[in-house]
Every structure is written in C-alpha cells, then in structure tokens.
Asker: 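Mind looking over this structure? Questions follow.
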Amino acid sequence: MIRLPGLIDPHVHLREPGATHKEDYDSGTSVALAGGVTLVLAMPNTKPPIFDAATLDLVLDSAKAKARCDYAQFLGAGPDNGDWANHPSLPERSAGLKMYLDSTFGQLRLDDMSLWMPHFQNWPRSLPIVAHSESRSMAAAILFAAIYDRPVHIAHISLKEEVLLIKAAKERGIQVTCEVCPHHLFLTQGDIPAISHGHPGRGEVRPRLATQADVDALWANLDVIDCFATDHAPHTIEEKDSDNPPPGFPGLETILPLLLAAVGEGRLTLDDVLVRMVTNPRRIFNLPEQPETWVEVDEDAAYEIKAAESFTRCGWTPFEGWKVKGRVRKVVLRGRTAFEDGKILVEPGYGKNIRA
Ligand code: DOR
Ligand code: ZN
C-alpha cells in the first residue's frame, strides 16, 4: 500500500447548472474521490454559463449542498463581462477565469481578440487565467501573457507545436504554465476506431486526439508540463452515440491508475505524478493545503477499467478494458474517511469551497 497526498484536478466539468443528467456536484465529486482526487476546479461552460455574481451564487449554492470533495468554481470570460475591476469580490470567490479561445462544447467562444483584452487587463494578477486555446490561438494567448505581463495557464495541450512553443516561451521568461490530459498522453487518432465500437461520436473530444508524433513530443517534454488534469467532460452514452455527438471524455476515475501503470513501465516516476497533481496545481491556482488528507493506493492491484464499475453518470469510458495497476483503496479528507473499498462515506455537503 502506498500513501499519497490528496490529488488536485484543476479541470473538471460538473455540468451544474443545466445538464445534471450528465453529472452534478454530488456525482462529480464522488467520482473525484473514487479516483483519489480531493480537490476539483469546475469549469463554467454550463447552462447558463457562470458569468456573473448571480450565476456564481446559483452554482455555489448547489455545490455547497451537494459537494463531497473540496472544490472551487471558475468564472467564464464572456463578450461583455470584462469589467472585473468593478466587481473586486467576484474574482476572489472563483477558482480563476476560464477563456474559451477555440471551439468547444457550449457557447463561450471569444473569437475576436478585442474581446480578450479587458479580461487580460482587469482580471487580478494574483488569480489564474486559464485559456482553452489550440495551436495558433495558444500562441496568441502566450503573446497576451507577455503583453499584459501576467500569468496564463494553457488548458489541455495536445500538440508537438504547442509543447515546443510553451518550452520556448518559458525559456524567455513569459509567465505561461500548462496541463496535459491522460487521453492526450495515452491515446492517438489511431485509437478512435477501438474507442468508438462503431459509434464515431465516442472518439470526439476537444482538443481532438492527435498523432503519435504529438504524443511522443508530450512524453519527450514532460519537464515542460506543469500539471496533469482530466478535463473530465461527461456526456451520456446516448448523447455520444447520437447524430450530433458532443465532444468530451470522462477521466476522474482513470487518471491515477493510467499514470501509475506508466510509472510501473518506467515512463515517469511517482514524484513526476505528484509534482503535477499536487505541488504545481497548488502553486499555480493558489490553493490551500488540505490538512489530514491522503489517499491509500494498492499499487500491486491489477485490474481492467470498466465503465460499469464507475461512479460517473455518463456510463462509458474511452479506456474500457484497459489493464492498469494501482487501485484507490481509501481516501481521507480533512480527517474523515471519505471513500473506502468502493464506497463513498461522506455525505453531500461535506466538500468545502476553498475560496469561501
Ligand atoms: O471535449 C471537450 N468537452 N472539450 C471542451 O472544450 C469542452 C468539454 C465539455 O464541456 O464537454
Ligand atoms: Zn474542459
């Protein structure tokens, strides 16, 4: 048995409000605990999106009643809510600002760079801006970080050109950090037929699965990658198999066993995982330590990933049937056993908003 600190996932979609049949603060934070994650940062591309005090209050009320692990909620950058300086208490109550600079699920895309400017100008420098940006829009986000002389965190990088540009930007002293998702480390375009089982929608995710050369470049430049994040993006299997499949993969229950299997293969060290799932996210997102919090993992337990045995409402996983090693046996969160042997043991509402 190994004992790890509680893991932090800075990028999850809990679908509240507006799509709680996919997941909500209760199911999503239960899924997190089952995966060894004790603190999640929730994205704002909900229905309605989390844009202002009213929508933030709406989701935080629900989270307060339902969450079982600790959390904070992102605000979304919209076309007309960049006057953050006039609402100083609002940013402090959020995990950070999420900006969608590229195509995504939902309506939050900011196409015109003039819409980015007030956000970079007015969002407090002490709180993170997270950019969903791919390829050239990622280069533009890094240029904004340089021009406005403030940190920016690039969500879910997936391409060789992205990791190489971030490396170069870091070498020049630009304040850029980044995260990578397990599906971009362990899957390529070539895996889509096997994921799909004849339903091409199951392979849809943004950023798309990339080439082997891209995946190889991520592994070769692990030192450039600050965080591992799931981008846990649950959609039901019926939605994924429909004519208009939404993009996104669940990931909270599979990130640790996938990474531990890679540790077992000598592709990275356990310390590499903990730096990217505890130390760095805590620093980048300015998160408090969780006292008396740890995860017990049976590192020798080999098993097959099965959607049928998971807590997520979405009912499927792109890693179905994968053989992994390392099972979360117990999670202690702030002194209480929150998960043990497949059972969630804390009630809805035990989770704390770390920005409250
Ligand atoms: O695949 C994705 N799913 N990419 C995103 O940017 C959004 C996410 C979602 O919310 O489903
Ligand atoms: Zn996302």
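Note that ligands are numbered from 1 as they come in the structure, with each ligand's atoms numbered from 1 the same way. Numbers here are sequence positions counted from 1. Atom set for the values below is all heavy atoms of this structure, side chains included, hydrogens, waters and symmetry mates excluded.
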Asker: Please list, in number order, the atoms of ligand 1 under 4.0 Å from a heavy atom of Ala233.
Answerer: 3 (N), 8 (C), 9 (C), 11 (O)
Asker: Nearest heavy atom to atom 11 (O) of ligand 1: which of His13, Glu204, Arg15 does it belong to?
Answerer: Arg15
Asker: Keeping the roles fixed (side chain from Arg202, backbone from Ile237), state whether a donor-acceptor pair exists under 3.5 Å.
Answerer: no
Asker: Would Asn45 count as being in polar contact with ligand 1, using the rule that some N or O on each side must be under 3.5 angstrom apart?
Answerer: yes
Asker: Looking from the Zn ion (ligand 2), what is the angle between NE2 on His11 and NE2 on His13, to the nearest 10°?
Answerer: 110°
Asker: Backbone, side chain, both or neither: what part of His235 comes under 4.0 angstrom of ligand 1, heavy atoms only?
Answerer: side chain
Asker: Can you confirm whether or not the ring centre of Tyr148 sits under 6.0 Å from the ring centre of Trp123?
Answerer: no
Asker: Which one of Tyr25, Phe285, Tyr350 satisfies the ring-ring contact (aromatic ring centres under 6.0 Å, His included) criterion with Tyr71?
Answerer: Tyr25
Asker: State whether Asp226 and Arg276 are salt-bridged, where the test is any N-O pair (Lys NZ or Arg NE/NH1/NH2 against Asp/Glu carboxylate O) under 4.0 Å.
Answerer: no
Asker: Has the side chain of Arg334 got a donor or acceptor atom that lies under 3.5 Å from a matching backbone atom of Glu292?
Answerer: no
Asker: Can you tell which part of His183 has a heavy atom less than 4.0 Å from ligand 1: side chain, backbone, both or neither?
Answerer: neither
Asker: Which one of His132, His156, His232 satisfies the ring-ring contact (aromatic ring centres under 6.0 Å, His included) criterion with His11?
Answerer: His156
Asker: What atoms of ligand 1 come within less than 4.0 Å of a heavy atom belonging to Val205?
Answerer: 1 (O)
Asker: Hey, are Lys323 and Glu304 close enough for a salt bridge, meaning a charged N less than 4.0 Å from a carboxylate O?
Answerer: yes
Asker: Which is the closest N/O/S atom of Asp231 when seen from the Zn ion (ligand 2)?
Answerer: OD1
Asker: When you compare ligand 1 with Pro247, is there at least one nitrogen or oxygen pair between them that comes in under 3.5 angstrom?
Answerer: yes
